[in-house]
Amino acid sequence: MKPSIPQGTRDFGPEVVKKRNYIFRTIQAVFELYGFAPLETPALENLDTLMGKYGDEGDKLIFKILNNGLNDPKNIQKAQLAFANVTEGKNDKNLTERALRYDLTIPFARYVAMNIGQLTLPFKRFQMQPVWRADRPQKGRYREFYQCDADIVGSKSLLNEVELVNIYSTVFQQLGIDVSIRINSRKILTALAEVCGGLEKLTDITVAIDKLDKIGIQKVKEELLSKNLSESQIAIIEQYLQISGNNQTQLACLTQLLGNSEIGQKGIEEINFILNFHQNNSALTVDFTLARGLNYYTGVIFEVKANDVQMGSIGGGGRYDDLTGLFGVPNIPGVGISFGVDRIYDVMEERALFPTTISIGTEVLFFNLGDAECKTAYHLMQLLRNKGISCEIYHENTKFDKQFKYAEKKSIPYVVMIGSKEIAEGTCIIKHLPTSTQVTLPQAEMTNYAFQ
RNA sequence: GAGGGUAUAGCUCAGUAGGUUAGAGCGACAGUUUGUGGCACUGUAGGUCGUGGGUUCGAGACCCAUUACUCUCCCCA
């Protein structure tokens with residue numbers, strides 16, 4: 001049998017894991033710096049928990065897990081009936097009642113709803129775990145990928161949004177990725193829908209205008225036309241989409257267009273509040289075409305894209321006013337952001353942004369030059385390890401050539417050579433491979449040598 | 001869910017209008033070199049050309065099917 005892994009999943013080799021961990025470490029350190037506490041939830045959730053939370057398209061992409069014991073005689077009939085239901089597009093508990101986590105936000109909401117009595121609000125948590133989507137894989141899109149989320153629940157304050165923007169800026173600055181953080185408010189989009197065709201058109205409108213930079217104004221208009229919007233309504237949307245200029249100019253134009261709408265005004269105020277805190281943040285730009293697919297957002301929404309790289313968004317998030325209401329605990333507002341680690345990795349790889357230092361593993365290789373020599377070397381090596389220096393000893397007594405090549409291949413900068421001559425003298429040779437220089441030291445002084 | 005592309009050695013790929021024993025570079029291994037690697041030279045190993053069928057005197061190449069991978073659209077991190 002030819003070994004393989006499922007489509008859209010990946011193995012991560014040692015070098016890749018080191019680089020990924022660098023990203024995780026960076027993000028986690030910033031999360032902690034801003035006062036977020038860690039949380040982990042199961043890979044599996046009850047299907048009920050997830051269904052209906054991500055929109056119709058989202059529901060289709062949830063990986064469902066087949067129940068066990070379907071072949072048990074007492075289950076067979078139920079299973080067959082259930083299967084018929086499923087082929088009609090419905091879910092049936094007799095066939096599947098668990099699913100793989102689709103994102104980290106809904107499981108978090110579920111956790112908050114279950115533990116609301118124990119939590120001190122506002123509750124700030126971060127979570128870095130894989131999620132699964134039954135999507136067709138392509139560039140920058142995987143079926144298993146990691147998200148790093150930070151959310152705050154139990155606070156309506158826009159200060160939270162301000163903080164989240166700061167987290168985005170800090171992380172991407174530390175990683176060296178040049179990004180633009182786009183910001184909009186669902187309230188503004190709602191106001192637009194109120195003016196053009198009513199709230200039931202909100203999704204159609206947002207989906208269409210979200211594609212503007214991809215398909216152009218003409219195609220967007222065609223799509224809106226096909227969704228039964230009138231010419232005059234489309235004209236307003238076109239005006240809306242043509243808003244341009246710097247952040248202040250755009251807001252001024254928008255106020256003219258939607259300022260009469262109460263909810264529109266609120267949206268504009270929100271954006272203004274955040275911009276005021278970030279006057280010197282050139283990465284932050286308002287973008288009224290930003291919509292975001294997940295339909296639980298109700299307020300400010302974010303999306304982060306790497307500049308000058310052909311890649312979908314590498315982060316996103318927004319405010320949701322009543323996510324826990326879905327689980328029976330109403331009136332807990334929340335806001336959060338997410339980092340797409342896998343795409344961030346791809347961007348950093350493409351841009352060669354990983355520091356070279358993160359790939360260093362073993363620092364010192366001890367040569368194996370015979371039984372007695374090996375024993376001496378081994379004890380010296382343990383002394384070095386006790387000082388926190390990572391060491392290896394070559395696994396067998398073979399010629400220098402091989403041992404050098406091993407060190408070179410693993411990018412081990414130092415080798416320590418102890419042969420019969422050194423044993424007799426009580427010395428050792430430390431050689432630095434990159435510079436091809438070496439020193440001979442008494443063995444007792446080796447642990448004081450400045451390996452670096 | 002819809003539509004493209006690719007599949008030849010461990011890796012990256014050649015392979016010309018179908019014609020004899022399927023090639024290169026890199027890598028691996030061995031030697032030149034039994035206490036000093038990277039360089040160089042020499043040599044060795046490694047492929048039922050994704051799988052199954054068909055056309056043909058003859059198929060890596062052409063046709064059909066199938067599988068895997070990859071990209072685009074929808075949607076999304």
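Every heavy atom of this structure was used, including side-chain atoms; hydrogens, water molecules and symmetry mates were not. These figures come from a predicted structure and were not determined experimentally. So you know, we letter chains A, B, ... as the sequences are listed, proteins then strands, and number each from 1.
Distances shorter than 4.0 Å separate some side-chain N or O of A:Lys211 from OP1 or OP2 on B:C75. OP1 or OP2 of B:U72 lies within a sub-4.0 Å distance of a side-chain N or O belonging to A:Gln138. The shortest distance between the side-chain N/O atoms of A:Lys139 and the OP1/OP2 oxygens of B:G5 is not below 4.0 Å. Contact annotation: A:Gln7 side-chain N/O to B:C69 OP1/OP2 distance is under 4.0 Å.
Separating the C1' atom of B:G46 from that of B:G52 is a span of 26 Å, rounded to the nearest Å. As rounded to the nearest Å, B:A68 and B:U51 have P atoms that lie 15 Å from one another. Going from the C1' atom of B:A40 to that of B:G10 covers 24 Å, rounded to whole Å. Spacing of C1' atoms, B:U44 relative to B:U56, comes out at 39 Å, to the nearest Å. Look at the C1' atom in both B:C62 and B:G3: the space between them is 24 Å, to the nearest Å. Between the C1' atoms of B:A24 and B:G47, the separation comes to 14 Å (whole Å). Comparing the C1' positions of B:A22 and B:U48 gives an interatomic distance of 13 Å, to the nearest angstrom. For the C1' atom pair drawn from B:G60 and B:G23, the interatomic distance equals 12 Å after rounding to whole Å.
Between the CG atom of A:Asp149 and the P atom of B:A77 there is a distance of 10 Å, rounded to whole Å. Summarising the geometry, the separation between CZ on A:Arg10 and C1' on B:A68 is reported as 18 Å, rounded to the nearest angstrom. Distance, A:Asn397 CG to B:U36 P: 15 Å, rounded to whole Å. Look at CG on A:Asp56: it is 16 Å from P on B:G1, rounded to the nearest Å. Atom CZ in A:Arg182 sits roughly 13 Å away from atom C1' in B:C76 (whole-Å rounding). The nearest whole Å value for the distance from the CE atom in A:Met348 to the P atom in B:A77 is 21 Å. Between the CG atom of A:Leu365 and the C1' atom of B:U36 there is a distance of 13 Å, rounded to whole Å. To the nearest angstrom, P of B:G37 lies 17 Å from NE2 of A:His432.
The distance between the ring centers of A:Phe354 and A:Tyr345 falls below 6.0 angstrom. Aromatic rings from A:Phe339 and A:Phe24 are positioned such that their centres are separated by 6.0 Å or more. The aromatic ring centres of A:Phe126 and A:Phe36 sit 6.0 Å or more apart.
Comparing B:A30, B:G37, B:C75 by their closest approach to the side chain of A:Glu57 singles out B:C75. The listed nucleotides are B:A28, B:U36, B:G37; the one nearest the side chain of A:Leu433 is B:G37.
In secondary-structure terms, RNA chain B builds stems of at least 3 consecutive Watson-Crick or G-U pairs, each pair having both distances under 3.5 Å, at B:1-7 with B:67-73, B:10-13 with B:23-26, B:28-32 with B:40-44, B:50-54 with B:62-66.
A donor-acceptor contact under 3.5 angstrom links the side chains of A:Tyr320 and A:Asp151, judged on distance only.
Between the side chain of A:Arg133 and the base of B:C76 there is no donor-acceptor pair of N/O atoms closer than 3.5 Å.
Ring stacking holds between A:Phe145 and B:A77, with the centres under 5.5 Å apart and the planes within 30 degrees of each other.
Among the atoms of the strands shown, base atoms are found under 4.0 Å from some heavy atom of A:Asp135. A:Leu369 comes within 4.0 angstrom of nothing in the nucleic acid, heavy atoms only.
Of the residues near RNA chain B, A:Thr435 and A:Arg343, the one whose nearest nucleotide (by heavy atom distance) lies more toward the 5' end is A:Thr435. Comparing A:Gly340 and A:Arg136 by the nucleotide of RNA chain B that holds the closest heavy atom to each, the one mapping nearer the 5' end is A:Arg136.
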A:Arg385 and A:Gln382: CA distance, side-chain angles, deciding distance, side chain to side chain donor-acceptor pair (under 3.5 Å) verdict
CA-CA 5 Å; A:Arg385 283 177 171 163; A:Gln382 290 303 72; 2.9 Å; yes

Are A:Gln174 and A:Thr26 close enough, and set up right, to give a side chain to side chain donor-acceptor pair (under 3.5 Å), and what steps lead you there?
CA-CA 7 Å; A:Gln174 286 186 10; A:Thr26 305; 5.1 Å; no

Does the side chain to side chain contact (heavy atoms under 4.5 Å, CB included) test come out yes or no for A:Leu159 and A:Phe277, once each step is laid out?
CA-CA 9 Å; A:Leu159 218 45; A:Phe277 269 87; 3.7 Å; yes

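Using a 4.5 Å cut-off on side-chain heavy atoms (C-beta onward), A:Ile274 and A:Ile183 make contact.
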Atom pairs and distances, side-chain donor-acceptor, residues 391-402 of chain A, under 3.5 Å, sequence neighbours left out:
from, atom 1, to, atom 2, distance (Å)
A:Glu392, OE1, A:Tyr406, OH, 2.8
A:Glu392, OE2, A:Thr362, OG1, 2.6
A:Glu392, OE2, A:Lys410, NZ, 2.9

